[in-house]
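Take a look at the structure below.
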Amino acid sequence: MSTDDKNRATAAAILPLVGGAENISSVAHCMTRLRLGLRDRSLVQDEALKALPAVMGVVEDDTYQIVLGPGTVARVTPEIEALVAAAPQPTHSAEDLAAQGAALKAEQKAKNATPFKLFLRRIANIFVPLIPALIGCGIIAGLNGLLINLGWLPGVTPALAAMASGFMALIAVFVGYNAAKEFGGTAILGGAVAAIIVFPGVAKIDAFGQTLSPGQGGVLGALGAAILAVYVEKWCRRWVPESLDVLVTPTLTVLVSGLVTIFGLMFVAGEISTAIGEFANWLLANAGAGAGFLLGGLFLPLVMLGLHQALIPIHTTLIEQQGYTVLLPILAMAGAGQVGAAMAVYLKLPRNGSIRRTIKSALPAGFLGVGEPLIYGVSLPLGRPFITACVGGAFGGGFVGLFSMLGDTVGSTAIGPSGWALFPLLDGNKGLGGTIAIYAGGLIVGYLAGFVATYFWGFSRELLEEFNVDTEAGQTEQTEVTVAKGGPAPERTPEPEPEPAKV
């Protein structure tokens, strides 16, 4: 029997003795123990479990712990997880049915996803958890800069600088940790390998004829190092004897991945990171208006296709290099175009109470940069207003890009927020007042362009005839006819509100 078959057989033997898959609420492991969260402890057959050849003992704590030994536990745990995931779950309530339906929907979505989009989703899963820290540290950095410019609280500003910069100094470690976790490896090993990049001692190492510098390669190097560590670790899990796994696997993972990182990835990723920063600056300095027009106009379709996730590492690299990303304020203009388009739709459809209510409820979120309610509830179903919203974003992006050509760079110290919510995160190469004024001007241009384009070109005659109808009157008339015939008045189904998300 092969090692994989042996581990699979062990998992299959354990599962019924702990009450089956439906009795397991969580699965995890440590160095030697399989840790199971159980719904009903009374279903466990302790003596039968202890009698299994692979089981060295059981321990009760906050979880039910089965001692399998080093090496074995790391191989049996995935088999347990696979059996639990594959087992049909009983349906006991409406909540269970809803959860089952959501799982089926997610499964169907996964089947339709392309490998490229799945890869981008994984990249997003690595960086999105970092956004709260980026936002918090970015706002503190902006506050600190303001205090320094005003000459206020000189004794406090060094502390604020430490708070704002500490996370960015170690962001590679967090990227490595999340990347290893996302790609199926041991998270802490990914963080350990990525930590090499920011370790000050690399300044004593020569590679490719040059001395390395701490942080060289940045988040891209950390991403590559952690993914490499995952593949090295998985190779070790397959070939290293179980009795040596706990010692050999982590050692080889850090050693092999670390050497490749120091003498390869740091140099290559550093060159790529430098090229990204130089290209972004060159593009906006030489073709800012045109580049801003294209980026602002195409961002909404990129969001619709999920391709905007590819920009997250680029934003993070620019923030790491320059202190802010020059792309986000331009891309944020897409939301401004959407807001302007929605206001035009509101005026063009005075009789459609349903759409107007959706717009009124979604506009405040739209001003703050949350654009999905307007996209999925208004512009996209109507068709042409979605295109004219992109036009508004293009003009807003072109406005911000034009000032980059003139030497006034507008950037954001974090990713995530847009619209008015981006104001506290703005930074640039000139004064803060000018940076805020340019960004606000871009928003106004985006609002106006989206409104004008939608009001004059967003509706065909057929579209107006179809949607500019009194939905309230039609529903009232139906109710009156039903009641007149002696039947009960039909219940009105409230309009579903789309789930908000960031744009």
Side-chain angles (χ1 to χ4, degrees), residues 116 119-120 123-124 126-127 130-131 134 138 168 171-172 175 179 197 208 210 212-225 227 264-303 305-334 393-416 418 422 425-430 435 438-439 442:
F116 180 64
F119 176 76
L120 292 182
I123 296 300
I126 293 168
F127 286 92
L130 306 179
I131 289 178
L134 284 169
M168 289 306 303
I171 189 172
V175 170
I197 293 174
F208 293 95
Q210 61 175 261
L212 296 177
S213 59
Q216 184 174 336
V219 295
L220 297 182
L223 186 63
I227 294 174
L265 283 177
M266 286 185 68
F267 175 79
V268 174
E271 294 296 308
I272 295 174
S273 299
T274 300
I276 288 174
E278 291 177 350
F279 177 74
N281 292 332
W282 176 87
L283 183 65
L284 294 181
N286 294 276
F293 190 90
L294 288 175
L295 291 171
L298 294 177
F299 190 63
L300 286 181
L302 288 178
V303 172
L305 296 173
L307 300 179
H308 66 296
Q309 295 169 342
L311 297 172
I312 296 177
I314 297 176
H315 287 311
T316 310
T317 298
L318 292 174
I319 293 172
E320 193 177 35
Q321 284 183 348
Q322 305 173 8
Y324 51 79
T325 168
V326 294
L327 298 179
L328 186 60
I330 291 175
L331 299 176
M333 296 301 119
F395 276 94
F399 179 89
V400 177
L402 174 63
F403 278 89
S404 292
M405 291 179 64
L406 299 176
D408 293 319
T409 301
V410 177
S412 169
T413 57
I415 56 178
S418 61
L422 196 62
L425 297 168
L426 291 177
D427 197 1
N429 61 344
K430 299 293 178 68
T435 301
I438 294 170
Y439 180 73

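As the structure is a prediction and not an experimental result, all values here were calculated from the model.
- Contact detail for A172 and G218: the closest heavy-atom pair is CB-O, 4.3 Å.
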* To do: Given side chain to side chain contact (heavy atoms under 4.5 Å, CB included), test T409 with L284 step by step and report yes or no.
  => CA-CA 8 Å; T409 301; L284 294 181; 5.7 Å; no
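- Evaluation of the ring pair (Phe, Tyr, Trp, His ring centres under 6.0 Å) rule for Y324 yields no partner, not counting sequence neighbours.
- Of all the heavy atoms in Q216 and I197, the pair that sits closest is O-CG2, 3.5 Å.
- Annotation: side chain of I171 is in contact with side chain of M168 (closest heavy-atom distance under 4.5 Å).
- The two residues I319 and S412 come nearest to each other via the heavy atoms CG1-O, 4.0 Å.
- Rounding to the nearest 0.5 angstrom, the gap separating the CE atom in M405 from the CG atom in L283 is 10.0 Å.
- Distance check: L300 CG to H308 NE2 gives 11.0 Å after rounding to the nearest 0.5 Å.
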* **Criterion side chain to side chain contact (heavy atoms under 4.5 Å, CB included) on E320 and V175, from CA distance to verdict** => CA-CA 12 Å; E320 193 177 35; V175 170; over 6 Å; no
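- Distance check, rounded to the nearest 0.5 Å: CD of Q321 to CD1 of I276 gives 7.5 Å.
- Distance CG/L328 to CG/L311: 9.5 Å, rounded to 0.5 Å.
- Here the side chains of L331 and H315 are in contact, with some heavy-atom distance below 4.5 Å.
- Taken to the nearest 0.5 Å, the CG atom of L130 stands 8.0 Å off from the CD1 atom of I415.
- Side-chain contact between Y439 and L422: present, with at least one pair of heavy atoms (C-beta onward) separated by less than 4.5 Å.
- Taking 4.5 Å as the limit, some side-chain heavy atom of Q210 sits within range of a side-chain heavy atom of F267.
- At a threshold of 4.5 Å between non-hydrogen side-chain atoms, the residues L134 and L425 do not count as touching.
- Ring-centre distance between F399 and F395: not below the 6.0 Å cut-off.
- Between V219 and L223 there is no side-chain heavy-atom pair separated by less than 4.5 Å.
- Taking all atoms of both residues into account, the shortest heavy-atom contact from S418 to A332 is CB-CB, 3.6 Å.
- Side-chain contact check for K430 versus I438: every heavy-atom pair is 4.5 Å or farther apart.
- When all heavy atoms are compared, the tightest approach of S273 to L220 is OG-CD1, 3.6 Å.
- Rounding to the nearest 0.5 Å places CE of M333 at 12.0 Å from CG of L295.
- Across every non-hydrogen atom of L120 and A310, the tightest pair is CD2-CB, 3.6 Å.
- Contact of the I123 side chain with the P313 side chain is registered, since non-hydrogen atoms from C-beta on lie closer than 4.5 Å.
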